[in-house]
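The block underneath contains the structure these notes are about, expressed in C-alpha cells.
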Amino acid sequence: MDLHFDLREITTATMVLFAVIDILGSIPIVIGLRNKVGHIQSEKASIVAACLMVAFLFLGEEILKLIGIDVNSFAVAGAFIIFFLAIEMILGISLYKDDEAESASVVPIAFPLIAGAGTLTSLLSLRAEYHVENIIVAIILNIIFVYLVLKSSVRLEKVLGKNGVSVIRKVFGVILMAIAVKLFTTNISGLLN
C-alpha cells in the first residue's frame with residue numbers, strides 16, 4: 001500500500017474539518033453545558049468523535065453502496081449541507097436546531113457537536129477528492145485542537161470575547177461556502193458524465 005502524504009491535501013482537509021466542526025463557534029454551547037451539568041469529559045468526547053469520524057471515513061462509502069448511492073451524489077448533497085452551515089455561520093441564524101442536551105456526556109459533545117452530520121458529510125466529500133491518509137491526519141489535527149478548546153473553553157471565551165468568536169465564525173463561514181461551491185462543481189461534473 002502506497003501512502004500519499006500531501007501537505008496541500010492535509011492543509012485543505014484540516015481547514016474544511018475545522019470550519020465544519022466549528023469548535024470555536026461552539027464555545028458558548030460548551031460553556032452552557034458546563035454551567036448546566038458541571039464537568040465535561042473532554043478526553044472521552046474527543047476520542048469518541050475521532051473514532052466516529054475515522055469509522056465513517058472507511059465505512060461510509062460501503063453504507064452508501066448498500067443503499068445504492070454513489071460518492072459523487074453524496075458529495076453534492078454534502079455540498080448543500082456545508083453551504084447551509086456556512087449561511088448559518090455568516091448570517092448568525094439557525095436553520096436547524098438540535099434538542100437541548102440534558103448532560104455533557106459523549107452524546108451531545110462528540111455527537112452531534114463535533115462529529116455531526118456536517119462533519120460526516122464533509123468526510124465523504126473529502127474522500128471523493130483526497131487520499132485517506134491525508135484526511136486521517138486532518139482528523140487527528142482537528143481532534144487535538146478540539147480537545148484543547150474543550151479543556152480551555154472558559155479561558156478562550158474570556159480572551160476572544162463575543163465579538164472575537166463572532167468574527168471567527170463569519171470568516172470560517174465564508175471559507176466553508178467557497179468549499180461547498182468547489183465540492184459541488186467538482187462532483188456535479190462526475191454525475192453529469
Side-chain angles (χ1 to χ4, degrees), residues 1-23 26 44-89 95-99 101 105-147 172-173 175-193:
M1 183 173 113
D2 286 338
L3 295 178
H4 300 81
F5 288 107
D6 180 343
L7 188 58
R8 187 192 63 77
E9 285 191 10
I10 291 170
T11 303
T12 304
T14 301
M15 293 300 286
V16 169
L17 291 176
F18 182 78
V20 173
I21 293 170
D22 186 31
I23 194 63
S26 299
K44 191 174 180 183
S46 300
I47 290 168
V48 169
C51 291
L52 276 172
M53 288 163 40
V54 171
F56 197 77
L57 181 65
F58 287 103
L59 300 176
E61 193 171 348
E62 296 306 314
I63 293 168
L64 290 179
K65 283 181 185 172
L66 188 66
I67 56 176
I69 299 172
D70 63 288
V71 176
N72 285 20
S73 299
F74 195 81
V76 169
F80 283 116
I81 290 173
I82 295 169
F83 184 81
F84 288 120
L85 284 172
I87 288 174
E88 284 184 338
M89 290 168 74
L95 299 173
Y96 175 75
K97 191 78 173 156
D98 276 330
D99 294 334
S105 66
V106 170
V107 172
I109 302 289
F111 181 84
L113 195 64
I114 300 167
T119 305
L120 299 180
T121 302
S122 298
L123 285 171
L124 281 192
S125 299
L126 289 169
R127 177 129 190 218
E129 289 187 55
Y130 302 127
H131 292 97
V132 173
E133 54 271 21
N134 296 320
I135 300 170
I136 290 173
V137 172
I139 290 171
I140 292 167
L141 291 173
N142 272 282
I143 289 301
I144 290 168
F145 187 75
V146 163
Y147 170 75
F172 277 98
I175 291 170
L176 259 190
M177 191 168 284
I179 290 164
V181 170
K182 182 180 186 284
L183 278 173
F184 181 81
T185 55
T186 303
N187 289 289
I188 197 73
S189 59
L191 288 174
L192 297 175
N193 292 336

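Scope of the values below: all heavy atoms of this structure, side chains included, with no hydrogens, waters or symmetry mates.
The two residues Asn134 and Phe5 have their closest heavy-atom pair at OD1-CA, 3.2 Å. The two residues Ala115 and Ala49 make their nearest non-hydrogen contact at CB-O, 4.0 Å. Summarising the geometry of Ala19 relative to Phe172, their closest heavy-atom pair is CB-CD2, 3.7 Å, with the distance given to 0.1 Å. Nearest heavy atom pair, residue Ala45 against residue Ile109, reads CB-CG2, 3.4 Å. Across Phe83 and Ala180, no two heavy atoms sit closer than the pair N-CB, 3.7 Å.
Environment of CZ in Phe56: crowded, with over 12 heavy atoms of neighbouring residues, nucleotides or ligands closer than 6.0 Å.
Summarising the geometry, atom CG belonging to Asp6 is positioned 8.0 Å from atom NE2 belonging to His131; distances are rounded to the nearest 0.5 Å. Annotation: the span from Ser125 atom OG to Arg127 atom CZ amounts to 12.5 Å, rounded to 0.5 Å. The distance from the CE atom of Met177 to the CZ atom of Phe84 is 9.5 Å, given to the nearest 0.5 Å. Summarising the geometry, atom CD1 belonging to Ile175 is positioned 4.5 Å from atom CE belonging to Met15; distances are rounded to the nearest 0.5 Å. Put simply, CD1 on Ile47 and CG on Leu52 are 12.5 Å apart, with the number rounded to the nearest 0.5 Å. Atom CZ of residue Phe145 and atom CD1 of residue Ile21 lie 10.5 Å apart, to the nearest 0.5 angstrom.
Counting heavy atoms from C-beta outward, Ile139 and Leu123 have side chains that approach closer than 4.5 Å. Side-chain contact check for Leu176 versus Asp22: every heavy-atom pair is 4.5 Å or farther apart. Phe184 is not listed as a side-chain neighbour of Ile82, based on a closest heavy-atom distance of 4.5 Å or more.
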(request) Take Leu126 and Glu9, measure what side chain to side chain contact (heavy atoms under 4.5 Å, CB included) needs, and give me the verdict at the end. (result) CA-CA 9 Å; Leu126 289 169; Glu9 285 191 10; over 6 Å; no

(request) Begin with the C-alpha distance, continue with both residues' side-chain angles, and end with the deciding distance and a verdict on side chain to side chain contact (heavy atoms under 4.5 Å, CB included) for Thr11 and Leu7. (result) CA-CA 6 Å; Thr11 303; Leu7 188 58; 4.1 Å; yes

(request) Before giving the answer on side chain to side chain contact (heavy atoms under 4.5 Å, CB included), spell out for Tyr130 and His4 the whole-Å C-alpha distance, their side-chain angles and the decisive distance to 0.1 Å. (result) CA-CA 9 Å; Tyr130 302 127; His4 300 81; over 6 Å; no

(request) Given side chain to side chain contact (heavy atoms under 4.5 Å, CB included), test Ile114 with Ile143 step by step and report yes or no. (result) CA-CA 9 Å; Ile114 300 167; Ile143 289 301; 4.3 Å; yes

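With hydrogens and angles ignored, the 3.5 Å screen pairs a side-chain donor or acceptor of Asn142 with a backbone N or O of Thr14.
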